[in-house]
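The structure presented is a predicted model; accordingly, all values stated were derived computationally and were not measured. Order of the sequence lines sets the chain letters (A, B, ...), proteins ahead of strands, with each chain counted from 1.
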There are 2 protein chains.
Amino acid sequence: MYSVAIEDYLKSIWKLGSKDVGTQELASHLDIKPASVTKMILRLTEMGLVDHTPYKGASLTRRGELEALSVVRRHRLLETFLSQTLGLARDELHVEAERLEHALSKELEAAIAEYLGNPTRDPHGHPIPGPNGELYEETDLPLSDSPINMTLTVMQVPDNDSNILSWLENNNIYPGTKLKIISRDDFDGGINVRIGLSKIRISSSIASLVKISFEE
Amino acid sequence: MYSVAIEDYLKSIWKLGSKDVGTQELASHLDIKPASVTKMILRLTEMGLVDHTPYKGASLTRRGELEALSVVRRHRLLETFLSQTLGLARDELHVEAERLEHALSKELEAAIAEYLGNPTRDPHGHPIPGPNGELYEETDLPLSDSPINMTLTVMQVPDNDSNILSWLENNNIYPGTKLKIISRDDFDGGINVRIGLSKIRISSSIASLVKISFEE
DNA sequence: TATAAAGTTTAGCCAAGGCTAAACTCATTG
DNA sequence: CAATGAGTTTAGCCTTGGCTAAACTTTATA
């Protein structure tokens, strides 16, 4: 069993992408100082969870990646479970799962997955890694890059910003929502969309966090 | 928010009774060394959670007691929740709740309590403290001290020993079970009981951990 | 009542995981 | 191509919460 701190580091590196992650980038993501990150990265390298090139950055080894996926799996299963059983709102899920994920045994993880019918998406539409780190190919596209005048299905909303999330919720945007882009504003990339009968404008920064697919 | 370690100390002191708890007793309950306990007790005293008389023992202050009750509440709510939703067996509950209890926010605690209809007993029959530390009077009696030839209702089984617990379960002894003591063996205090159609013998050590009431 | 045993505390060590301040690297860019 | 500034690392410190070994109390017993 790895410590909470180690699990958080691995999860953060995983979220920040497959390429080398910089010390500062990681530090701000974890809300700690760069010097602390360097120290921990050395330990993680020692443990074989991370590859580190000084002054360049760090990336997960296969072992580190599997551990990160395990944390992400627990997180997303918990979000799904809390949503289904307690009916927590989408914008409350993240913060609760964030702490519980570190206290979930393999057995309880399995029981929850079983109870939920082994879901592959959490309530935000994010894919849930399998018990051995299997993660299906992501084909969802950012709404900000999507074509005009096609019917799009929202597949994912962000999970970690409850302000954005409740704004989206209030505008009926969540996984499953159908919408159509009417036009794009040149000056700032904001888009105007139709959802059912209403039209709303979505800023490009938010639109880049919403993922869609073209399927029915 | 107190650390996991502090919550565990307070819970242990609470479980070990209202009188002064000795260093060694606490150490063995927490499975750490006495010297470590002394050090932590000094910190807890400093924090106003514990009263300590050197070479005599420690007891909870009111603040410490309230915090302990909060941990116990979370633990027992979690056991109840995991039992209800996932159908975990009574002997699996304790160990899972033991880690989750430290990661439960006030909000989630409230949501779970609400979902369960504010239960006052957990699946082992132990009373669940209220949100402000309210704990109703315990009137349950150890089975080992109970009178012969009366119909008794099992109210509580232990929560922390899965061996005993699964033995009891296999013999249909759990909260709600009706039974009658047929006789008591003088030589070791073991008792012979009738449960429905079957008769079994219960050792005095186990019988002292099962609590009953005389109600219907 | 002196002393041994049992229990408690103190002193000092260690690892984890933060921090600040200072030193170092590296990619610019004048 | 030297210098500057951004980013990274090192050095050294701190707290938490364990540990062992040694010192100290208290209690029980001879």
Practice task
Classify the nucleic acid contact of B:K39 as base, sugar-phosphate or nothing, counting any heavy atom under 4.0 Å across all strands shown.
Solution key: base

Practice task
Between C:dT8, C:dG17, D:dT10, spot the one nearest the side chain of A:L42, thanks.
Solution key: D:dT10

Handout entry: Distance in angstrom units between A:L44 CG and D:dT9 P, rounded
Key = 13 Å

Exercise for the section: Compute whether any side-chain donor of one residue and acceptor of the other, for B:H29 and B:S12, lie under 3.5 angstrom apart. Expected result: yes

Fill in the blank from the handout: Taking D:dT8, C:dT9, D:dC19 as options, the one with an atom nearest any side-chain atom of A:Y55 is D:dT8

Practice task
Specify the separation, in whole Å, of atom CD1 of B:I32 and atom P of C:dC14.
Solution key: 20 Å

Handout entry: salt bridge (charged side-chain N to carboxylate O under 4.0 Å, His left out) between B:E65 and B:R62, worked out
Key = CA-CA 5 Å; B:E65 188 190 11; B:R62 181 62 183 154; 2.8 Å; yes

Practice task
Can you figure out which of C:dT20, D:dT9, D:dT16 approaches the side chain of B:R43 most closely?
Solution key: D:dT16

Handout entry: Rounded distance (Å) that lies between atom C1' of C:dG17 and atom CD1 of A:I41
Key = 13 Å

Practice task
Verify the contact: side-chain N or O of B:Y9 to OP1 or OP2 of D:dG18, cut-off strictly under 4.0 Å; return yes or no.
Solution key: yes

Exercise for the section: Output yes when at least one side-chain N/O atom of A:T23 is less than 4.0 Å from OP1 or OP2 of D:dG7, else no. Expected result: no

Exercise for the section: Verify the distance criterion only: is there a donor paired with an acceptor across the side chains of A:S183 and A:N192 at less than 3.5 Å? Expected result: yes

Handout entry: Nucleotide C:dG17, atom C1' - distance to CG of A:D8 in whole Å
Key = 12 Å

Exercise for the section: Taking only the side-chain nitrogens and oxygens of A:T38, find out if one of them lies under 4.0 Å from OP1 or OP2 of D:dT9. Expected result: yes

Practice task
Consider only side-chain N and O atoms of B:D8 and B:H102, and report whether a donor and an acceptor are under 3.5 Å apart.
Solution key: yes

Handout entry: Length of the line joining A:D20:CG and D:dT8:P, which is rounded to integer Å
Key = 11 Å

Problem - Residue-phosphate contact under 4.0 Å: A:H52 side-chain N/O, D:dT9 OP1/OP2 - result: yes

Exercise for the section: Give the intermediate values and the outcome of side-chain hydrogen bond (donor to acceptor under 3.5 Å, both in side chains) for residues B:R74 and B:S70. Expected result: CA-CA 6 Å; B:R74 279 175 267 153; B:S70 161; 3.0 Å; yes

Exercise for the section: Taking only the side-chain heavy atoms of A:A35 (C-beta and beyond), determine which of D:dT8, C:dT9, D:dA11 contains the nearest atom. Expected result: D:dA11

Handout entry: Interatomic distance, A:K33 NZ vs C:dT20 P [rounded to whole Å]
Key = 5 Å

Problem - Side chain of B:M40 (C-beta onward), nearest among C:dT25, D:dT20, D:dG17 - result: D:dG17

Exercise for the section: Measure from CG on B:L26 to P on D:dG18 and round the result to the nearest Å. Expected result: 11 Å

Exercise for the section: Return no unless some side-chain N or O of B:S3 is found under 4.0 Å from OP1 or OP2 of D:dT16. Expected result: no

Practice task
Tell me which of A:A5 and A:P54 sits closer to the 5' end of DNA chain C, going by the nucleotide each one is nearest to.
Solution key: A:A5

Exercise for the section: May I have the distance from B:I6 (atom CD1) to D:dG18 (atom C1'), rounded to whole angstrom? Expected result: 14 Å

